Amino acid sequence: MKFIQTRGVDSTKPETVTFSEAILSPIASFGGLYVPQKLPDLGEEFLQKHRDSSYKELAKDMLDAFAIDIDGDVIDEALSLYDKFDDAKNPVPVVKVKENLYVSELYHGPTRAFKDMALQPFGVVLSSIAQRLNENYLILAATSGDTGPAALETFKNRANVKVACLYPDGGTSDVQRLQMVTEDAANLKVIGIHGVFDDAQSALKRLLASENFKEALQEKETKLSAANSVNFGRIIFQIIYHIHSYLELVRQNAITMGEKVYLNVPSGNFGNALGGYYAWKMGLPVEKIIISSNENNVLTRLIRDGKYDLRECEVVSTTSPAMDILKSSNVERVLFDLLGEVRTKELMMDLEAKNFYELREDELAKLRECFDADWCSGDEGKKYIKETFEQYNYLMDPHTATCMKSYESVSKPEITSIIYSTAEWTKFSPVIANALTGEVDMKDIDALESISKVANLEIPAMIQELFTKEIAQKTVIEKEEIEAEILKFL
Ligand SMILES: *Cc1c(COP(=O)(O)O)cnc(C)c1O
């Protein structure tokens, strides 16, 4: 399988690239992204064949259909990381909340958020490519909370890869910060910045553009790569769980094979939703994909009105911070699939130049055949957390809770919905404790204990341990000092 480019081809890139090439340098011509030349058509046969397969059997066969340039034993090793999830036999449990409403829990991995679903196997794949090429890579990451821990966890002690991870000191939850600063491995460097997430991210962008930094890396024979969610090496692992969740519903006799379902996805950078869209195009019976957002509701407006409008628009901080995103990168891949490269380039160039684009009526109709959307405020989200817990004894995190709003407002109740749960309650405990009991300004440790009592849930060992583990990463610096600090680490 070869990969092509969403904005057409300029003179700087070959017309097609392999999977490995798309992973190592994920940005294509004109700043576009790589997409599969042709998605495999799995059809109902594939679903029948895997009706009773394990997650890994299904994953292996789906990845085979993509015919990527990665050896079978590397794929096996990558998929074996799902064995470390809570239940090796079923890394993604699908749980019934009520009639026609199910939650697919994507957070049972080591860092308790759905980033593990893709980043765990991705770490093995990237490191194996680096070893095959005999090259060393530095992964730079700026995180507001979930990506950082998942990236550190997956690359820890992996050959030919180093990670430098920037986070805003004081800008993440205690659990998220502890997950990073207790990571102890020679190839990992965690750097706290005095500032907010935007400071960390713009520092990273400056670094990526710095000639001085590039030369210094060359001297150390190190290349730069990225593990962000536009990387197709992450997307490919996010198709699998949509198919798995559907088959789980068949196994639970919640639906019959072939019956259409809603996929309801709490969305930020649109990687999760894109995985569902690709699964659908490959043959999964889907009624529609519902995109759920928080107050940063640019995706809701796009899907309803056809306008991607960032004029006079600023990111606001919400109770679901992993979705506090305005430029949702993976939307571009859907535009490409629906409208082709010429139009996608035009729209994306408009967005860059004018902070705005508008779809034509026929284009919006195409988009709306596949997607619908709604957004949920923080207060509404807390109401849904409390209600869903009290009525159905099901506890959800603030990201997942945004789906309850769109479930009620846009989906037909007679069609079964799968809501994707992207984080465990332990990762956003102060908001959840506030929703359940009204307590305010709690520290994570107190909120965890409060929820644990109220909801009668055990705090998982890997979260409990964080509070007594030794702090291995103590660097907290001004943003001007980042470059020197990273070079010292290399
Ligand atoms: C990253 C993340 C999201 C958003 O997922 P996208 O694939 O970027 O749309 C939602 N919830 C949580 C908890 C996350 O960590």
Side-chain angles (χ1 to χ4, degrees), residues 33 103-120 122 141-154 167 172-173 175-176 179-180 197 201 226-242 263-279 289-300 302-303 315 318-334 371 373 375-376 378 381 385 395-404 406 419-429 431-432:
L33 302 174
V103 178
S104 173
E105 298 179 344
L106 304 174
Y107 57 73
H108 289 274
T111 73
R112 319 313 283 169
F114 106 105
K115 300 290 187 286
D116 287 331
M117 289 307 304
L119 275 168
Q120 279 285 303
F122 179 77
T143 185
S144 64
D146 281 346
T147 303
L152 294 165
E153 184 63 31
T154 192
Y167 72 93
T172 69
S173 76
V175 165
Q176 289 170 327
Q179 282 181 325
M180 293 187 274
F197 171 62
Q201 192 163 41
N228 58 20
S229 76
V230 297
N231 199 309
F232 199 84
R234 279 176 61 173
I235 301 295
I236 198 168
F237 290 105
Q238 295 189 259
I239 303 171
I240 302 160
Y241 57 70
H242 291 285
L263 312 180
N264 191 328
V265 187
S267 295
N269 222 10
F270 218 76
N272 195 354
L274 179 72
Y277 177 81
Y278 282 156
I289 298 176
I290 312 284
I291 302 301
S292 301
S293 304
N294 60 27
E295 288 88 340
N296 297 290
N297 57 9
V298 55
L299 291 171
T300 307
L302 172 69
I303 291 163
V315 185
T318 70
T319 51
S320 43
M323 289 154 48
D324 293 352
I325 288 175
L326 292 179
K327 279 202 178 150
S328 184
S329 314
N330 278 303
V331 172
E332 178 167 352
R333 287 183 160 118
V334 172
F371 297 96
W375 66 278
C376 177
I385 291 172
L395 189 60
M396 41 178 66
D397 98 292
H399 301 77
T400 313
T402 63
C403 300
M404 292 302 288
S406 52
I419 285 178
Y420 289 88
S421 181
T422 47
E424 189 177 54
W425 59 276
T426 54
K427 283 210 91 165
F428 300 96
S429 56
V431 175
I432 299 173

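Remember, it's a predicted structure, so these values are computed and weren't measured experimentally. Indexing begins at 1, ligand by ligand and atom by atom, following the structure's order. What's counted below: heavy atoms across the whole structure, side chains too, no hydrogens, waters or symmetry copies.
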Answer with side chain, backbone, both or neither: which part of [X] has a heavy atom less than 4.0 angstrom from an atom of ligand 1?
X: Lys115; answer: side chain
X: Pro266; answer: backbone
X: Asn272; answer: both

(request) Enumerate the atoms of ligand 1 whose separation from the nearest heavy atom of Ala423 is less than 4.0 angstrom. (result) 13 (C)
(message) Can you name the atoms of ligand 1, numbered from 1 with element, that are less than 4.0 Å from a heavy atom of Gly271?
(response) 6 (P), 7 (O), 9 (O)
Check the side chains of [Y] and [X] for a donor-acceptor pair under 3.5 angstrom, ignoring hydrogens and angles.
X: Asn264; Y: Ser406; result: yes
X: Arg234; Y: Asn231; result: no
X: Gln238; Y: Asn272; result: no
X: Thr402; Y: Ser292; result: no

(request) Using the side-chain contact (heavy atoms from CB on, under 4.5 Å) rule, take Ser229 and Asn330 through it: C-alpha gap first, then chi angles, then the decisive distance, then the call. (result) CA-CA 8 Å; Ser229 76; Asn330 278 303; 3.8 Å; yes
(message) Just checking Tyr420 against His242, ring centres under 6.0 Å apart?
(response) yes
(request) Verify whether the ring centers belonging to His399 and Phe114 lie closer than 6.0 Å. (result) no
For [atom], the protein heavy atom that lies nearest, with its residue and separation:
atom: atom 8 (O) of ligand 1; result: Asn269 N, 2.8 Å
atom: atom 11 (N) of ligand 1; result: Thr422 OG1, 2.8 Å
atom: atom 9 (O) of ligand 1; result: Gly268 N, 2.7 Å

(request) Take the angle between the ring planes of Phe371 and Tyr277 and call it parallel below 30°, perpendicular above 60°, tilted in between. (result) parallel
(request) Please indicate whether any nitrogen or oxygen in Asp146 is less than 3.5 Å from any nitrogen or oxygen in ligand 1. (result) yes
(message) Is there a polar contact, in the sense of an N or O pair closer than 3.5 Å, between Phe270 and ligand 1?
(response) yes
(request) Return yes when Ser267 approaches ligand 1 closer than 4.0 angstrom through a heavy atom, no otherwise. (result) yes
